[in-house]
Amino acid sequence: EAPASGAYRALGEFQNDDAVQLARKAVALAPDTQSHRLLLLTTLVIANRMADGEAAATDALVQDDEDTNALVMRAYFRQRQLKTELANKDFDEAMMQDWLDDTQRTGIRLVATDAALVVGNFERAKALLAPLAADDKAVALRLKQIAEREAPPTELTRASYPPPNMDCHLTPYGSVCDMKPADEANTASAKAY
């Protein structure tokens with residue numbers, strides 16, 4: 001707990017490299033604690049260390065090959081490095097996990113759509129949105145982006161392609177975090193994260 005708390009403090013003080021090191025220490029001390037792994041992935045996003053983030057997400061998947069959040073975050077890190085084919089594979093694998101409910105799967109589908117849009121893959125974006133209600137606000141926004149076909153940015157940054165939000169809540173089985181697109185931070189925990 002102490003290194004994890006220190007990592008949060010370091011983030012608050014904009015000491016990103018210190019936050020990464022403390023989060024790594026928390027993971028090393030308690031490798032099966034998902035919140036520490038999510039903290040590490042977050043610190044790596046903030047520190048703009050995409051290759052390290054991909055490696056940390058892969059390591060989380062070695063620890064738990066059914067970790068949906070690690071899979072989605074690895075896809076994010078891969079897409080930021082323009083490893084689009086690998087990112088799409090991770091997103092598709094995450095959406096196929098049969099224990100997800102419709103809300104969780106929709107969140108991942110929207111995150112994957114954003115990944116397709118940011119590189120100008122409008123056909124994939126359209127296919128990802130096809131099963132969703134077109135009158136949903138988040139879906140309508142993305143359908144508008146598809147129709148406008150804006151040229152993708154020359155470089156993917158946290159501003160042009162923000163990371164997914166983690167919407168964490170308590171369940172009878174402990175704390176659970178669901179992945180949602182960056183513009184879907186609509187709960188207090190997602191906004192805080």
[Y] versus [X], side-chain donor and acceptor atoms under 3.5 Å:
X	Y	answer
Asn69	Arg37	no
Asp67	Gln34	yes
Thr84	Gln79	yes

Do [X] and [Y] have side chains that get closer than 4.5 Å, going by heavy atoms?
X	Y	value
Lys25	Leu29	yes
Met73	Val111	no
Arg109	Leu129	no
Glu150	Gln145	no
Leu110	Val139	yes

(request) Verify side-chain contact (heavy atoms from CB on, under 4.5 Å) between Met50 and Leu156, making sure each step is shown before the conclusion. (result) CA-CA 11 Å; Met50 299 301 112; Leu156 297 188; over 6 Å; no
Do you know which two heavy atoms are closest between [X] and [Y], and how far apart they sit?
X	Y	answer
Leu41	Ala56	CD2-CB, 3.8 Å
Ala70	Ala60	CB-CB, 3.7 Å
Gly107	Pro181	O-CD, 3.8 Å
Ala23	Ala7	N-CB, 3.8 Å
Ala26	Pro3	N-CB, 3.8 Å
Ala127	Pro131	O-CD, 3.6 Å

Establish whether [X] and [Y] are linked, either directly or via other cluster members, by ILVMFWY side-chain heavy-atom contacts under 4.5 Å.
X	Y	answer
Val119	Val72	yes
Val45	Val118	yes
Tyr76	Leu71	no

Under 3.5 Å: donor-acceptor pair, side chain of [X], backbone of [Y]:
X	Y	result
Thr157	Ser160	yes
Arg78	Lys83	no
Tyr161	Pro153	no
Gln81	Phe77	yes

(message) Are more than 12 heavy atoms, taken from residues, nucleotides or ligands other than Glu85, located less than 6.0 Å from that residue's CD atom?
(response)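 No - once you tally the heavy atoms of other residues, nucleotides and ligands closer than 6.0 Å, there are 12 at most.
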(message) For Gln63, I'd like to know if atom CD has over 12 heavy atoms of other residues, nucleotides or ligands within 6.0 Å.
(response)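 It does: Gln63 CD has more than 12 such atoms within range.
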(request) List the steps and the verdict of salt bridge (charged side-chain N to carboxylate O under 4.0 Å, His left out) for Glu54 and Arg74. (result) CA-CA 5 Å; Glu54 180 183 358; Arg74 185 172 73 177; 5.9 Å; no
Atom pair [atom1] ([X]) and [atom2] ([Y]), whose distance is rounded to the nearest 0.5 Å:
X	Y	atom1	atom2	answer
Tyr8	Leu39	OH	CG	4.5 Å
Leu40	Thr43	CG	OG1	4.5 Å
Leu38	Thr33	CG	OG1	11.0 Å

(message) Taking the basic N atoms (NZ, or NE/NH1/NH2) and the acidic carboxylate oxygens, is any pair closer than 4.0 Å for Glu13 and Arg9?
(response) no
Using atom types as modelled, flag every donor-acceptor pair under 3.5 Å from a side chain in residues 93-102 to any protein atom, sequence neighbours excluded.
from   : atom 1 : to     : atom 2 : distance (Å)
Gln97  : OE1    : Thr68  : OG1    : 2.4
Asp101 : OD1    : Thr103 : N      : 3.1
Asp101 : OD1    : Gln104 : N      : 2.7

(request) Give every residue pair that meets the side chain to side chain donor-acceptor pair (under 3.5 Å) criterion with at least one member in residues 114-126, sequence neighbours excluded. (result)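 Side chain to side chain donor-acceptor pair (under 3.5 Å) check on residues 114-126 returns Asn88-Arg124, Asp92-Arg124, Asp114-Arg142, Glu123-Arg149.
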(message) Run Arg49 and Asn16 through side-chain hydrogen bond (donor to acceptor under 3.5 Å, both in side chains) and show every step you take.
(response) CA-CA 10 Å; Arg49 292 164 61 173; Asn16 297 339; over 6 Å; no
